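Report on one structure; see the data block that follows.
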Amino acid sequence: GEFQLCYQPKVHQDGEIESLEALLRWQSAELGPISPNEFIPIAERSGLIHAISDHVVETACAQLRQWLDRFGRAWPVAINLSGKDLQREDISARIAGVCERLNIPANLIQIEITETGLSENGELVAMHLHALAQHGFAIGLDDFGTGYSSLAKLSEFPISVIKIDRSFVSGIGHHERREQIVRATLSLAQVLDCIAVAEGVETREQLVFLIEHGCELFQGYLFAQPLSVKEVALLLEMNVQRVPGVGVNSLIDFDD
């Protein structure tokens, strides 16, 4: 009962929300806040990652159902899967089954997988990703540039979103080689007909550079930190009420 999901927006350059990414957080009663960078690798090695991923899928879909029932609409939500998840024979059927049971349209779920995850048991991973894509789920490649995927391998997967890793975005303005990598990645996304998302956007300088080189969507503290369910619900409510200019810049401070 200590795991919770928060949601970080992916936005257009004007701050208008395009979708959300579900992010798992662990607030341990004994140890305090524990970073996913610490507990996810342990979960993968121990085999507990499957139960955790099932919990994330179920929780995110249940939240979407609540938003749909309350507001009549919701933003798409991206769910991160481990490479270990994509080695499960039933993973595509599991996710499709949760969506069917909760009556969640497939276009409201995006699946994100890292380059490292693609390299593990490639044929099985490709089979599951194609099955997920056939169900109507968008497939995103997370942390692009940090793994070792060949272009030939990338062409085998039904990827529609490429996310530029924050380590490259952070170099904009003072690290020429990283800027070159960002430009090359944006060009590659155009060639592959993929949507480009920049992670970890924190400064106006980074934003301007990314816009000038064709980036479409942005995620980072310049626009919004991960949001609570209550904060996302407020944005949805404002949107339903047709409040002009609703976006992440419309957020207000919340009382407990």
Side-chain angles (χ1 to χ4, degrees), residues 3 5 7-10 17-24 40 43-44 49-144 147 149 152-163 189 192-197 199 216-217 219 232 236:
F3 283 128
L5 288 184
Y7 299 87
Q8 187 171 30
K10 302 175 189 176
I17 298 176
E18 190 274 340
S19 59
L20 302 160
E21 180 179 2
L23 298 170
L24 186 64
I40 291 296
E44 289 177 330
I49 191 65
H50 299 329
I52 291 174
S53 295
D54 287 346
H55 170 75
V56 170
V57 171
E58 186 77 30
T59 303
C61 288
Q63 185 60 65
L64 275 169
R65 184 68 265 159
Q66 289 181 26
W67 287 333
L68 287 167
D69 290 342
R70 179 177 175 184
F71 302 114
R73 67 148 293 183
W75 285 294
V77 171
I79 296 171
N80 293 279
L81 291 186
S82 163
K84 302 294 184 185
D85 290 316
L86 290 173
Q87 297 181 40
R88 303 164 69 181
E89 293 291 344
D90 64 343
I91 186 63
S92 54
R94 275 180 175 270
I95 297 174
V98 173
C99 289
E100 183 177 356
R101 172 164 50 83
L102 295 174
N103 194 24
I104 302 297
N107 63 1
L108 287 181
I109 296 293
Q110 301 171 356
I111 303 298
E112 292 191 4
I113 182 73
T114 64
E115 281 188 87
T116 304
L118 294 182
S119 65
E120 301 176 8
N121 200 344
E123 290 186 6
L124 183 61
V125 168
M127 181 185 74
H128 286 313
L129 289 180
H130 280 287
L132 288 164
Q134 288 172 2
H135 279 294
F137 304 118
I139 308 297
L141 184 56
D142 200 7
D143 300 338
F144 184 79
S149 295
K153 182 177 289 187
L154 286 180
S155 67
E156 299 173 4
F157 299 103
I159 295 165
S160 57
V161 178
I162 290 179
K163 299 186 72 177
L192 296 177
D193 195 25
C194 290
I195 296 172
V197 183
E199 296 182 305
E216 299 168 80
L217 296 175
Q219 186 175 1
V232 177
L236 276 171

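Here the structure is a predicted model, which is why all the values come from computation and not from measurement.
Inter-residue side-chain proximity for Ile159 and Cys194 is flagged as met; some heavy-atom pair is nearer than 4.5 Å. Between Ile104 and Leu68 the shortest side-chain heavy-atom distance falls below 4.5 Å. Looking at heavy atoms from C-beta onward, Glu89 lies in side-chain contact with Leu124 at the 4.5 angstrom threshold. Here the side chains of Leu108 and Pro76 are in contact, with some heavy-atom distance below 4.5 Å. At least one side-chain heavy atom of Asn80 sits less than 4.5 Å from a side-chain heavy atom of Asp142.
Considering CD of Glu21 and CD of Glu199, their distance stands at 6.5 Å, rounded to 0.5 Å. With rounding to the nearest 0.5 angstrom, the CG atom of Leu86 is 10.0 Å from the CE atom of Met127. Interatomic distance, CD1 of Ile111 versus CG of Leu81, reported as 5.0 Å (0.5 Å rounding). In this structure, CZ on Arg94 lies 13.5 Å from SG on Cys99, to the nearest 0.5 angstrom. Distance check: Ser53 OG to Asp85 CG gives 3.0 Å after rounding to the nearest 0.5 Å. The CG atom of Leu23 sits 11.5 Å away from the CD1 atom of Ile79 when rounded to the nearest 0.5 Å.
Ser19 and Ile17 get closest at one heavy-atom pair: O-CG2, 3.4 Å. For the residue pair Leu64 and Ala74, the shortest heavy atom distance occurs at CD2-CB, 3.7 Å. Residues Val77 and Ala60 approach most closely at CG1-CB, 4.4 Å, considering heavy atoms.
A donor-acceptor distance shorter than 3.5 angstrom exists from the side chain of His130 to the backbone of Glu156, with no hydrogens or angles considered. Proximity of a side-chain donor or acceptor of His128 to a complementary backbone N or O of Arg88 within less than 3.5 Å is detected. Although no hydrogens or angles enter the test, the distance criterion places no donor-acceptor pair under 3.5 Å between the side chain of Asp69 and the main chain of Gln66.
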Handout entry: Residues Glu18, Glu216; criterion side-chain contact (heavy atoms from CB on, under 4.5 Å); working and verdict
Key = CA-CA 10 Å; Glu18 190 274 340; Glu216 299 168 80; over 6 Å; no
Practice task
Kindly determine whether Lys84 and Glu44 satisfy salt bridge (Lys or Arg N to Asp or Glu O under 4.0 Å), including the steps that lead there.
Solution key: CA-CA 7 Å; Lys84 302 294 184 185; Glu44 289 177 330; over 6 Å; no
Practice task
Go through the steps to decide whether Ile91 and His50 satisfy the test side-chain contact (heavy atoms from CB on, under 4.5 Å), and finish with yes or no.
Solution key: CA-CA 10 Å; Ile91 186 63; His50 299 329; over 6 Å; no
Exercise for the section: Just do the side-chain contact (heavy atoms from CB on, under 4.5 Å) check on Phe157 and Ile139 with the steps written out, would you? Expected result: CA-CA 9 Å; Phe157 299 103; Ile139 308 297; over 6 Å; no
Practice task
Go through Arg101 and Glu58 one step at a time and tell me if the side-chain contact (heavy atoms from CB on, under 4.5 Å) criterion holds.
Solution key: CA-CA 10 Å; Arg101 172 164 50 83; Glu58 186 77 30; 2.8 Å; yes
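No option in Ile109, Leu129, Asn107 other than Ile109 meets the side-chain contact (heavy atoms from CB on, under 4.5 Å) test with Phe137.
In this pair, His55 and Phe3 present their aromatic rings tilted. The plane angle is within the 30 to 60° band.
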